[in-house]
Amino acid sequence: MGKQSWKPGNMLNPVPAVMVSCADREGKPNIITIAWAGTVCTNPPMVSISVRPTRYSYDMIRETGEFVINLVRFDHYPDIHCDEQGGAEHNDRLIRRMLAEGGEALKVEGVSVPGIAESPVSIACRVVEERALGSHTMFLAEVVGVTTDDRYLDETGRFDINGTGLIMYSHGEYFGLGRKLGKFGYSVQKKPKRRRK
């Protein structure tokens, strides 16, 4: 079995596919699909997204310093190709359906920009730092609110995020969340003591 050395590139996959909603100062909304999103810190809760300056949403996020990360389900897959043409017409119907008309806009506590009502989780973010890195600008943001869909609460009131049908992005392709293999801390969790005979 051989190995090859390739030029440096982003091979860290899979990553979550998210739809980020934002708005300009006048309140005109937009949605952009982003794969470069991640957790940065637990306390305070912080995330980052990276956006190409050519994207229509880029100036909106810089203007207001706010955005909402909306997690994406299997049934959102036909909608995830948004803001690829710089706010082109094919995106307008999606925005009207999800953010503007028919009561689909979701008020997310902590920010003035809307969330996507169809999303199982909407994470309100306020930018604390902006860093131009090359092809993308990274927006480092503090999480100021989280809105969840109570359809995914179990009988104990626990939110079943893994039962929402989340989508992952991996090297140009989209996948559904796979089967459960274990849980965090499995290797160090306490094992039941064996009774002596």
Item to complete: Please test L177 against N162 for side chain to side chain contact (heavy atoms under 4.5 Å, CB included), starting from the C-alpha separation and ending with a verdict.
Response: CA-CA 8 Å; L177 190 64; N162 294 321; 3.7 Å; yes
Practice prompt. Quick one: do F67 and S21 satisfy side chain to side chain contact (heavy atoms under 4.5 Å, CB included)? Show the steps, please.
Written response: CA-CA 6 Å; F67 58 89; S21 50; over 6 Å; no
Item to complete: Evaluate side chain to side chain contact (heavy atoms under 4.5 Å, CB included) for F175 paired with I167, printing each intermediate quantity in order.
Response: CA-CA 6 Å; F175 298 88; I167 291 180; over 6 Å; no
Practice prompt. Take D24 and T64 through the side chain to side chain contact (heavy atoms under 4.5 Å, CB included) test and state the conclusion after the steps.
Written response: CA-CA 7 Å; D24 63 17; T64 64; 5.7 Å; no
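Checked by atom type and distance alone, the side chain of S119 never pairs as donor or acceptor with a backbone atom of I116 at under 3.5 Å. In this structure, the side chain of Y58 does not engage the main chain of I61 through any donor-acceptor pair within 3.5 Å. Although no hydrogens or angles enter the test, the distance criterion places a donor-acceptor pair under 3.5 Å between the side chain of R73 and the main chain of E118. Using modelled atom types, one side-chain atom of N13 and one backbone atom of H171 make a donor-acceptor pair closer than 3.5 Å. Without hydrogens or angle criteria, D150 side chain to L153 main chain gives no donor-acceptor distance under 3.5 Å. Here the side chain of E63 pairs a donor or acceptor atom with the backbone of R25 at under 3.5 angstrom.
Here R131 contributes atom CZ and S48 contributes atom OG; the two are 11.0 Å apart, rounded to the nearest 0.5 Å. We find the CD1-SG distance between I49 and C125 to be 7.5 Å, quoted to the nearest 0.5 Å. With rounding to the nearest 0.5 Å, the separation of CD1 in I32 from CZ in R52 is 10.0 Å. Taking CD1 of I123 as the reference point, atom CG of L71 lies at 5.0 Å (rounded to 0.5 Å). For the atom pair NE2 (H136) and OG1 (T54), the distance works out to 8.0 Å, reported to the nearest 0.5 Å. Within the model, atoms CD of E129 and CZ of F139 stand 11.5 Å from one another, a figure rounded to the nearest 0.5 Å.
No side-chain donor-acceptor contact under 3.5 Å links E130 and T137.
Nearest heavy atoms, V72 versus A17: CG2-O, 3.4 Å.
Counted within 6.0 Å of CG on L133, heavy atoms from surrounding residues, nucleotides or ligands total more than 12; the atom is thus considered enclosed.
When hydrophobic clusters are built by joining Ile, Leu, Val, Met, Phe, Trp and Tyr residues whose side-chain heavy atoms come closer than 4.5 Å, directly or via intermediates, L140 is not grouped with I69. M168 and V20 fall within a single hydrophobic cluster, where Ile, Leu, Val, Met, Phe, Trp and Tyr are joined by side-chain heavy atoms under 4.5 Å apart, directly or via other members. Cluster annotation: I31 and F74 are assigned to the same hydrophobic cluster (Ile/Leu/Val/Met/Phe/Trp/Tyr, side-chain heavy-atom contacts under 4.5 Å, transitive).
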Show me the donor-acceptor pairs within less than 3.5 Å that the side chains of residues 39-47 make with the rest of the protein, sequence neighbours left out.
none

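Just one residue in the list T147, T148, N70 forms a side-chain hydrogen bond (donor to acceptor under 3.5 Å, both in side chains) with S122, and that residue is N70.
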